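Have a look at the structure below before the remarks.
Worth saying up front: this structure is predicted, and the values here are computed from it rather than measured. Just follow the structure's listing: the first ligand is 1, and inside any ligand the first atom is 1.
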Amino acid sequence: MLFTSILSCLLLLSPGGALARAAPRDNVLDKRLSYTNVADFETFETPIALAGLYANIGPDGSKSQGAKSGVVIASPSTSNPDYLYTWTRDAALVYKYIVDRFTSGRDSSLRTKIDNFVGHVARIQQVSNPSGTVSTGGLGEPKFLISEAAFTGGWGRPQRDGPALRATTLIAYANWLIANSNTTHVRNVLWPILLLDLNYVSNSWNSTGFDLWEEVNGASFFTTAVQHRALREGIALATALGDPSSTVAAWTTQAQNIFCFLQSYWSSSSGFIVANVNPGNGAIRSGKDANTVLTSVHTFDPAAGCDSRTFQPCSDKALANLKVYVDSFRSIYSINSGIASNAAVATGRYPEDSYYGGNPWYLTTFAVAEQLYRALQVWDAEGKGINVTSISLPFFQQFNSSATVTTIPAGSASYTTLTTAIKTFADGFALKGAQYAPSSGALAEQYTRGAGTPTSAADLTWSYASVLTMFDARDNLAVDGWGAASLTLPNTCSTGGGGGSAATVNFRETATTVWGENIYLVGSIDALKNWDPNNAIGPLDNTNTYPVWRVSVSIPAGTYFEYKYIRKNNGVVTWESGSNRVNTAPAAGATLTINDTWK
Ligand code: NOJ
Ligand code: NOJ
């Protein structure tokens, strides 16, 4: 702190040596950081972000009194919004940074904090909550009280990214322990925790749940991608520990199914990744969402090059998507007005967002920079040049309007010009944070779309983690991969997943009927007879199972559908009441069983 204050005082010396007017460093929100280069911002912000992060972790964080050991509070804010809870997602992402900081040898004192987190996870997994018990879905509960008691209020639950993200964090620690001769600790302490989370992922990845923004109930790209990553790492760890081959075999089957399903989020007609393929609760969205950028960042594998099947940061799909995502904020936030169409702007969760006014977020803006820094790192490290495809062409044309589909050779003049322009573009997003942070360097959740003033939760732990991982990316810091390089995409989804081939959906409807009355099924897609009651599927079978009526339908993998059951009695049709039922077919070859009751 002292060092950085001296440093920034020095920066204030004008060439003539006179001391420029130095703004006092405080929390006054209209005083902004005004860095114009990222290296200076990094020097200033890093200790502040680290302190901000540690302050929010129990048992001894200065802003998290009452939090149990290893508990990460989302933010100290207790109203508008009340974030004094621990979210599984936020905690896992924050601790991934801490584990990486520890395993890379930057701070050996962090081990105690990491062990505290392991202890916390072991306890919280066992806490029964509105999503269930440890064995009936409770692992998908999104948030808990900081005392580790269940949160029993209404919420968008379950959220199925949490156990996967937590597994990735713990596996990073486990791999370090194994490399440092402590396999016994992994086997005895970490592995039982990981088995619960990874079996949860393996068993429930194709069930619906809420997205990372806690709003859309369906299937979400970020969730699917982090589940895929976690399971791949879990398979490698299980193999290293000599776990029973049946576990590895089951996880491998599901990992392949998830990998297939992941492909279906890409829309080749629109040229971007559609964040939620089945917005089951009716949200009308463009599908452009920071969800996708965060995915490239959190499933980065430096060994996988620019692999587009895992949406690596430099892949054509991820770059095309990044442009579409960024551009969606250019005209909707007034702080972005007047900015050139190929320069950095403030970005938020998704353009239709209205939460706290629907503003830009620090962590989403930093994620754009982070994806680009990782892309640059891979291009430079691989030395294979830059492959401009028809998919990524619009991204590259931002920097050179006459760009064409070609490979730009590493080391060529055009390579240097292009990568320099992309670095400047990336830095622009990093500097948005500096431009719209208060002079204290504190990072809230959002900054307003009109004035760029910090708003919503103050000192958001995840914001601090996001600026730190962005700096690491800019510094080309090494991170561990997760095996993305050596994957084989199953043939059945080679045409792009989703539509490629069929899944089985078992419909089970409990309905008591009168003599002569039968239950039929009808819904929104061809396989469900396009809402035509005269052509409805049925009568459903109730042999030995009455009042449960059954039918199995083959539905294209990954397809979102709506449906209802109807009764027919001598030609008289009665529809179920209320809104349409919704669901999504799982991956090719997988089976989904739906249990419904007549309404
Ligand atoms: C609270 C969630 O944390 C936030 O992500 C969401 O936007 C609001 N609820 C509104 O659903
Ligand atoms: C709302 C965000 O949408 C969600 O992703 C996050 O987990 C919570 N706030 C807590 O920070």
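- Under a 4.0 Å heavy-atom criterion, Trp361 is in contact with ligand 2.
- Of all the heavy atoms in Thr103 and Ala172, the pair that sits closest is CG2-O, 4.2 Å.
- For the pair Lys323 and Phe395, the cation does not sit on the ring face, since its NZ or CZ is not both under 6.0 Å from the ring centre and inside 45° of the axis.
- For the residue pair Asp472 and Tyr373, no side-chain donor N or O sits within less than 3.5 Å of a side-chain acceptor on the partner.
- Remark: distances from the non-hydrogen atoms of Glu445 to ligand 2 include one below 4.0 Å.
- Counting atoms of ligand 2 from 1 in the listed order, those under 4.0 Å from a heavy atom of Glu214 are 1 (C), 4 (C), 8 (C).
- Every atom of ligand 2 with a heavy atom of Trp462 under 4.0 Å away is listed here by number and element: 5 (O).
- Side-chain atoms of Gln159 and Thr88 form no donor-acceptor pair, as typed in the model, at a separation below 3.5 Å.
- Contact annotation for Trp87 and ligand 2: only side-chain heavy atoms (C-beta onward) come within less than 4.0 Å of the ligand.
- Proximity to Leu212 (heavy-atom distance under 4.0 Å) selects the following atoms of ligand 2: 3 (O), 4 (C), 5 (O).
- Within 6.0 Å of atom NZ in Lys96, more than 12 heavy atoms from other residues, nucleotides or ligands are found, so the atom counts as buried in its surroundings.
- The closest approach between a heavy atom of Arg349 and any atom of ligand 2 is below 4.0 Å.
- Within the 4.0 Å heavy-atom criterion, the part of Asp90 lying near ligand 2 is the side chain and not the backbone.
- The local environment of CG in Asn175 is crowded, with over 12 non-hydrogen atoms from other residues, nucleotides or ligands closer than 6.0 Å.
- Relative orientation of the Tyr265 and Phe221 rings is perpendicular, given thresholds of 30° and 60° on the angle between their planes.
- For ligand 2, the polar-atom distance check against Tyr355 finds no nitrogen or oxygen pair separated by under 3.5 Å.
- Ligand 2 has no nitrogen or oxygen under 3.5 angstrom from a nitrogen or oxygen of Leu460.
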